[in-house]
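What follows is a set of notes on a single structure, which appears directly below.
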Amino acid sequence: MCGIAGILSSSIDLRNKREMIYNVSSTLKMRGPDASGEYFNEAGGESAALIHRRLAVVDVENGAQPMRFGEYIIVYNGELYNTDEVRRELESSGYRFYSRCDTEVVLKAFHKWKEHSAERLNGIFAYAVYSERTGEVYIFRDRIGVKPLYYAQINNTFAFASRIESLLCIDGIEPICNREGLNEIFMLGPAKTIGKTVFRDIKELPPASYLYYSRGKTEIKTYWKLRAGEFGDTLDEAVEKTHALVCDAVRRQLVSDVGLCTFLSGGLDSSIISKIASDEFKKRGERLNTYSVDYDDNDKYFKSSLFQPNKDSDYIGLISDYIGSQHHNISLNNKALALALSDAAIARNCPGFTDVDSSLLLFCREVKKDFTVSLSGECADEIFGGYPWYHRHEILFEETFPWSRTTDVRRSILKDGFLPEGEEYVRSAYLETVNKTDYLDSDSPLEKRMREMFVLNMDWFMQTLLVRKDVMSMESSLEVRVPFCDWRIVEYAYNMPWSIKSAFSREKGILRKAFENELPDEITWRKKSPYPKTFNPVYFKTVCDLTEKALSDKASPLCEMINADSLHSLMENPDSLSEPWYGQLMRAPQVLAYVFQIYVWIKKYNVEFII
């Protein structure tokens with residue numbers, strides 16, 4: 001994986017802006033610590049610069065970027081999983097290749113298919129191709145949005161980058177947050193609307209889209225979307241095809257010239273991936289390494305709940321022994337977990353998923369000591385209906401985001417009268433998502449709602465987790481791949497009837513059935529448990545201290561937004577929170593941590609608010 005950036009400007013001579021270019025590149029260093037490259041050009045009255053930082057994974061000796069072919073220059077971040085197929089098709093058209101890296105394949109795919117190139121690719125990617133002759137640039141993002149890409153256009157300058165912070169290094173792009181950004185933070189966060197960021201002048205290129213830029217004009221087009229279609233497979237056929245698709249996705253993603261491992265939580269999804277990976281490793285006489293995360297003294301303080309009925313640690317040894325992996329358990333210090341909230345917010349460039357972020361950041365740092373690539377089980381729950389809100393009918397048909405059903409908790413920590421339009425902002429975001437859902441005329445009310453839930457989860461909850469995965473892993477210079485995000489699996493699952501998807505009256509029933517003969521029954525039919533969290537009072541106390549620090553800074557704009565009395569009450573009575581802030585994991589300690597992350601974000605970027 002890598003970090004990319006580019007600038008095109010008719011008012012700035014970028015050849016004389018070496019310090020600015022250096023600063024942009026420096027913000028991408030953790031995404032690409034192995035090598036760096038730059039490209040400069042003047043064309044069509046514009047100065048252009050392309051920037052690349054490389055994390056070498058495949059064909060380490062070759063693949064330097066920016067890479068040239070004819071008039072085209074590419075900067076590319078990602079991994080292709082159908083490299084061989086695309087290369088063979090291009091070779092049959094007369095193209096020759098001089099490396100094994102997928103960058104050369106992507107560049108020559110663009111040369112042949114131009115704006116349709118991304119449609120030929122199966123992988124996770126963000127790439128930009130610049131024409132040296134015309135000064136035009138095309139920027140693409142993968143179908144699911146696993147790899148990030150942000151852009152800004154202000155005055156006579158257009159810029160793009162893998163990180164928001166990279167864009168803030170560019171002259172004229174300011175850290176300004178307006179009411180829309182504040183609604184994203186306080187009413188929707190840590191989720192955010194696709195295409196938006198918390199900064200006024202910085203936007204996100206949506207998944208499955210490409211952006212065309214030429215002489216001050218931009219155009220964005222979608223090249224893939226979920227379409228409703230008839231599902232002709234029986235239950236047995238669906239079991240077989242689900243098994244085949246998942247196995248193929250995992251095997252494709254095991255390609256690496258550097259060390260590769262898997263994350264193993266003891267749950268269904270990571271166990272499936274690790275089992276397939278372990279079998280492939282054994283074929284070549286190797287042993288798979290697996291990693292799990294826990295917290296110091298978590299056995300002592302664990303509390304069972306509806307959402308988290310049991311500990312992962314009870315199952316990890318079972319599945320590790322079963323597949324024969326060399327397992328490593330990383331136990332995180334609870335105080336360090338809280339202190340890492342700052343690093344996590346800065347890595348994300350905005351307030352985030354609190355300790356769900358910081359724990360992954362610390363975990364990835366440990367894994368990186370031994371490996372450069374890992375596979376993870378994210379996104380099966382969104383695709384195959386694993387979350388409780390898919391199965392509780394009193395929640396399912398509520399016309400709201402099921403992981404954040406009201407704004408009551410959010411409203412309680414804000415000063416009276418602040419963001420009065422917040423509820424309408426949330427309502428509009430919800431309706432815009434639901435209204436773009438594609439249905440069949442024959443869909444029953446339940447099937448129609450399940451399609452809506454699929455799109456809601458994919459565009460919101462899944463995107464939050466994918467940003468978390470990408471940012472925290474790449475901040476550790478670790479590449480984490482997500483096989484369940486293979487677009488072929490997503491398309492197939494979208495059109496799978498709910499009666500098949502939830503077969504055997506279980507969440508992810510089809511997935512369980514597909515792999516029941518390859519995993520222990522205790523793993524296959526285990527009740528879903530979410531990402532592990534800490535229950536240690538040391539964490540809560542440290543978070544309270546950090547939040548007090550934020551509230552005591554009377555010069556911070558945060559004080560004009562937050563109801564300090566409400567937060568102090570939450571510190572004293574954490575069990576008084578009536579519902580989670582977001583999803584299943586953000587309760588009282590996480591609400592406090594979120595406020596602290598907002599404070600860190602404001603201080604780090606010297607955010608200016610226009611309200």
Side-chain angles (χ1 to χ4, degrees), residues 1-3 27-34 53-57 77-79 124 146-148 162-163 165 190 253 256 258-267 269-270 273-274 277 288-296 298 312 316 325-349 352-379 464-485 530-534 539 585 593 597:
M1 295 298 173
C2 306
T27 65
L28 299 169
K29 183 176 181 180
M30 294 305 292
R31 297 188 69 90
D34 297 331
R53 301 295 301 234
R54 187 183 186 202
L55 179 66
V57 172
N77 165 34
E79 292 289 343
I124 54 177
V146 178
K147 290 286 107 182
S162 299
R163 297 189 69 209
E165 185 174 340
Q253 298 190 26
S256 175
V258 296
L260 180 148
C261 64
T262 67
F263 294 169
L264 181 61
S265 70
D269 312 329
S270 65
I273 291 172
S274 296
L288 176 71
N289 281 264
T290 53
Y291 284 80
S292 62
V293 64
D294 206 344
Y295 307 91
D296 292 351
N298 215 30
D312 285 341
I316 292 170
S325 71
Q326 178 66 49
H327 189 71
H328 313 262
N329 181 62
I330 306 299
S331 185
L332 302 180
N333 176 273
N334 288 277
K335 186 170 185 179
L337 178 69
L339 295 178
L341 290 166
S342 294
D343 288 349
I346 293 168
R348 196 186 266 260
N349 305 151
F353 219 158
T354 62
D355 57 286
V356 186
D357 277 358
S358 65
S359 61
L360 184 60
L361 177 61
L362 296 179
F363 177 55
C364 287
R365 285 176 179 172
E366 292 300 312
V367 176
K368 174 60 181 178
K369 292 176 181 179
D370 300 310
F371 290 92
T372 299
V373 180
S374 183
L375 270 61
S376 181
E378 274 102 341
C379 305
T464 306
L465 292 176
L466 287 175
V467 172
R468 165 186 177 258
K469 183 276 311 172
D470 178 82
V471 169
M472 302 307 147
S473 62
M474 294 306 292
E475 184 68 12
S476 309
S477 302
L478 177 73
E479 175 188 319
V480 177
R481 301 172 180 175
V482 278
F484 284 109
C485 282
Y531 182 81
K533 62 184 292 185
T534 182
Y539 173 77
L585 299 177
Q597 286 196 317

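Side chains included, hydrogens not; waters and symmetry mates left out as well; all remaining heavy atoms used. Quick caveat, the model's predicted, so the values are computed rather than measured.
Within the 4.5 Å cutoff, the side chain of L55 has no heavy atoms near those of the R31 side chain. Here the side chains of P33 and R53 are not in contact, with every heavy-atom distance at 4.5 Å or above. For the pair S359 and Y295, the minimum side-chain heavy-atom distance is below 4.5 Å. A heavy-atom distance below 4.5 Å is found between the side chains of L361 and D343. Taking 4.5 Å as the limit, some side-chain heavy atom of C485 sits within range of a side-chain heavy atom of L466. Within the 4.5 Å cutoff, side-chain heavy atoms of L288 are placed close to those of S274. The side-chain heavy atoms of L465 and C379, taken from C-beta on, include no pair separated by under 4.5 Å. Within the 4.5 Å cutoff, the side chain of R348 has heavy atoms near those of the D357 side chain.
Judged purely by atom type and a 3.5 angstrom limit, N333 uses its side chain to pair as donor or acceptor with the backbone of A336. In this structure, N349 contributes its side chain and E165 its backbone to a donor-acceptor pair below 3.5 Å. K469 contributes a side-chain N or O that, together with a main-chain N or O of V480, makes up a donor-acceptor pair within less than 3.5 Å. Although no hydrogens or angles enter the test, the distance criterion places no donor-acceptor pair under 3.5 Å between the side chain of R481 and the main chain of L375. Counting only distance, with no hydrogens or angles, the side chain of N334 and the backbone of Y539 share no donor-acceptor pair below 3.5 Å.
Minimum heavy-atom separation, S162 to L28: CB-CD2, 4.1 Å. Shortest non-hydrogen contact noted between D355 and L337 is O-CD1, 4.0 Å. Across all non-hydrogen atoms, the minimal contact from P483 to S376 is CD-O, 3.4 Å.
One side chain, D370 or Y291, offers a donor N or O that lies under 3.5 Å from an acceptor on the other. For the residue pair S270 and S265, a side-chain donor N or O sits within less than 3.5 Å of a side-chain acceptor on the partner. Counted by atom type alone, H328 and T290 present zero donor-acceptor pairs between their side chains at under 3.5 Å. If you check the side chains of S331 and D294, you find no donor sitting under 3.5 Å from an acceptor.
Comment: R468 engages E378 in a salt bridge, judged by a side-chain N to carboxylate O separation of less than 4.0 angstrom. Here K368 does not pair with E366 in a salt bridge; the nearest charged N to carboxylate O distance is not below 4.0 Å. Salt bridge annotation for K29-D34: absent, with no cationic side-chain nitrogen under 4.0 angstrom from a carboxylate oxygen. Ion pairing between D470 and R163 fails under the 4.0 Å rule for side-chain N and carboxylate O.
Between the CG atom of L341 and the OG atom of S358 there is a distance of 4.5 Å, given to the nearest 0.5 Å. For the atom pair NZ of K369 and OG of S476, the computed distance is 11.0 Å after rounding to the nearest 0.5 Å. Atom-to-atom distance recorded for M474:CE and E479:CD is 7.0 Å, nearest 0.5 angstrom.
Each of C364, C261, S256 was checked for a side-chain contact (heavy atoms from CB on, under 4.5 Å) with F371, and the lone residue meeting it is C261.
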Q. D296 and L332: side-chain contact (heavy atoms from CB on, under 4.5 Å), yes or no, with the steps?
A. CA-CA 6 Å; D296 292 351; L332 302 180; 5.9 Å; no
(Q) Is there a side-chain contact (heavy atoms from CB on, under 4.5 Å) between I273 and F484? Walk through the geometry before answering. (A) CA-CA 9 Å; I273 291 172; F484 284 109; 3.7 Å; yes
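A centroid separation of less than 6.0 Å is found between the aromatic rings of F363 and F263.
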